[in-house]
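Heavy atoms only: backbone and side chains are in, while hydrogens, waters and symmetry mates are out. One-based numbering, in listed order, for ligands and for the atoms of each. It should be emphasised that the depicted structure is a prediction, and the values quoted were computed from it without experimental measurement.
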Amino acid sequence: MTTQATQPQYRLEQTRKVGTFPGPKSTELAVRRAKVVAAGVSSSVPVYVADADGGIIEDVDGNRFIDLGSGIAVTSVGASDPAVVAAVQEQVQHFTHTCFMISPYEGYVAVAEKLAELTPGDHEKRSVLFNSGAEAVENAVKVARLATGRSAVVAFDHAYHGRTNLTMGLTAKANPYKSSPAGSFGPFAPEIYRVPMSYPFREENPQITGAQAAQRAITMIEKQIGGENVAAIIIEPIQGEGGFIVPAEGFLPALAAWAKEKGIVFIADEVQAGFCRTGAWFASEHEGIVPDLITMAKGIAGGMPLSAVTGRAELLDAVHGGGLGGTYGGNPVACAAALGAIRTMEELDLNARAKAIEVQVKERLNKLAEESGIIGEVRGRGAMLALEFVKSGTAATTKEPNPEATKAIAANCLENGVVILTCGTYGNVIRLLPPLVISDELLADALDVLEAAIRAAS
Ligand code: PLZ
């Protein structure tokens, strides 16, 4: 017998409402912002947030937008989940910080216990907590290098791993992350190598299997680096910023098996795909892979900044005492939020919810893809779904990317009260990342808006 999941409780009215925007208050804030906020930080939406709950973001002028982005896959439990709010309120009344490296506290230990339980594999595990996804990735690489005594790190085409120096180097896309025609953030860290991804929609040979695509990468590693020099292979089991690319079945298991054989640490970067987003606690589970290290952030703490590296005890414990840390890593308020968010994921069975969202969205979009001449592919798992746009009539032949239509569709959605994000190496992917607590009705309304926008651009 399965237990009936409880229903999400909403504080804000879950309906879309857009007047003219940006309204006067947002416009005033934009003027203040331009004088003091660095131009390098841009925002996709021109309104300022006053409140957010469930599937709704309300702006300072009273407009209500449907949120299909979750602040980039963060607020899976909603932006003001009652369990997260209560846990944070309780914690801040007692202490906001002591520094786990100085005077430790239970929340950090409890989060590590939960991560040992939820991550794939029944081996002995250890965790270390940080603040951002990039910081988790940096530390996973540090651990892999120290534990193996090797230095090379292999990343993939279309990868995204962050914006710090090492993670910029791991990230594939130059503009905007690493450089623009105006200049570069480099030089980048050495000993990073890039190999081809399995990207079924864009394979030159559409018949290539996942195992063959893995062999293509492995051969390149063996010829150009030498497996014995590789400390780690890092991969997003479903690539996020690169375009919600789901590798062909068999790709990840073949890579993981080869890494194991060669003593290479297999790091799954689950920063975007983890925590129920794909209908499983971790996207690695869909193909039964057991990563040596997993990096996590985003959805882990219901919007509070927290990240983690969880993995094999012998790897993490290879690091000397004092070798890992940071002032804020595993902040007690963020840990409390994580425990609240994970409880909500369990109580509302958000893995099941993500799968139901996949069914609802794919049914609509697959139908639309048949009629619209510009949808190259509908893909993704759970509530990590995407549409790749191509130039009209090229779907079966050149698959020429259509970033113009992609941009126009996202802009049209926004004008009609739906916040939607784009991504992709070619800027031609619309990604759907709704909060997992969004109601069927609100999601259906957002899909109506998206569908109309796609028709208008077709
Ligand atoms: N690894 C797989 O998706 C963050 C970045 C948005 P941080 N992705 C969103 C942007 O333009 O900055 C991400 C990710 C994967 C690592 C990261 C980095 O996580 O918390 O942004 O550092």
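- The pair E203-R216 counts as a salt bridge, with a side-chain nitrogen and a carboxylate oxygen less than 4.0 angstrom apart.
- Contact annotation for E241 and ligand 1: only side-chain heavy atoms (C-beta onward) come within less than 4.0 Å of the ligand.
- For S132, heavy-atom contacts with ligand 1 shorter than 4.0 Å involve the backbone as well as the side chain.
- For ligand 1, the atoms sitting less than 4.0 Å from at least one non-hydrogen atom of E236 are 2 (C), numbered in the order shown with element in parentheses.
- Under the 4.0 angstrom criterion, atom 3 (O) of ligand 1 counts as having a protein heavy-atom contact.
- The aromatic rings of Y160 and Y177 sit perpendicular, their planes meeting at an angle over 60°, well past the 30° parallel limit.
- Heavy atoms of G240 stay at 4.0 angstrom or farther from ligand 1.
- Side-chain atoms of R381 and I238, non-hydrogen and from C-beta on, do get closer than 4.5 Å to each other.
- For the pair R202 and Y426, the cation-pi criterion (under 6.0 Å, within 45° of the ring axis) is fulfilled.
- When each atom of ligand 1 is checked for a heavy atom of Y160 under 4.0 Å away, the hits are 1 (N), 2 (C), 4 (C), 5 (C), 8 (N), 10 (C), 12 (O), 13 (C), 14 (C), 15 (C), 17 (C), 18 (C).
- Counting the atoms of ligand 1 from 1 in the order shown, those under 4.0 Å from a heavy atom of G133 are 7 (P), 18 (C), 19 (O), 20 (O), 22 (O).
- With respect to the salt-bridge test (charged N to carboxylate O, under 4.0 angstrom), the residues E124 and R126 qualify.
- Under the 4.5 Å side-chain criterion, counting only non-hydrogen atoms from C-beta, R312 is not in contact with K125.
- Heavy-atom proximity to Y177, at under 4.0 Å, picks out these atoms of ligand 1: 11 (O).
- The closest protein non-hydrogen atom to atom 16 (C) of ligand 1 is H161 O, 3.4 Å.
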Task: Verdict with reasoning, T164 to E138, per side chain to side chain donor-acceptor pair (under 3.5 Å) - done: CA-CA 8 Å; T164 58; E138 291 259 356; 2.7 Å; yes

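- Contact check on R343 versus E346 returns no salt bridge, with no Lys/Arg side-chain nitrogen under 4.0 Å from an Asp/Glu carboxylate oxygen.
- Annotation: cation-pi pair K178/F188 present, NZ/CZ under 6.0 Å from the ring centroid and within 45° of its normal.
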TODO: Could you please spell out the steps behind the side chain to side chain donor-acceptor pair (under 3.5 Å) verdict for T295 and D269?
DONE: CA-CA 5 Å; T295 54; D269 184 348; 3.1 Å; yes

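- Set against the non-hydrogen atoms of I72, the atoms of ligand 1 under 4.0 Å away are 6 (C), 9 (C).
- In terms of N/O distances under 3.5 Å, ligand 1 is approached by Q272.
- With respect to atom 18 (C) of ligand 1, the closest heavy atom belonging to the protein is A134 N, 3.6 Å.
- At the shortest separation from atom 8 (N) of ligand 1 among protein heavy atoms lies K298 NZ, 3.2 Å.
- Of all protein heavy atoms, the one lying nearest to atom 1 (N) of ligand 1 is D269 OD2, 2.7 Å.
- Of the N or O atoms in R163, one or more lie within a sub-3.5 Å distance of an N or O in ligand 1.
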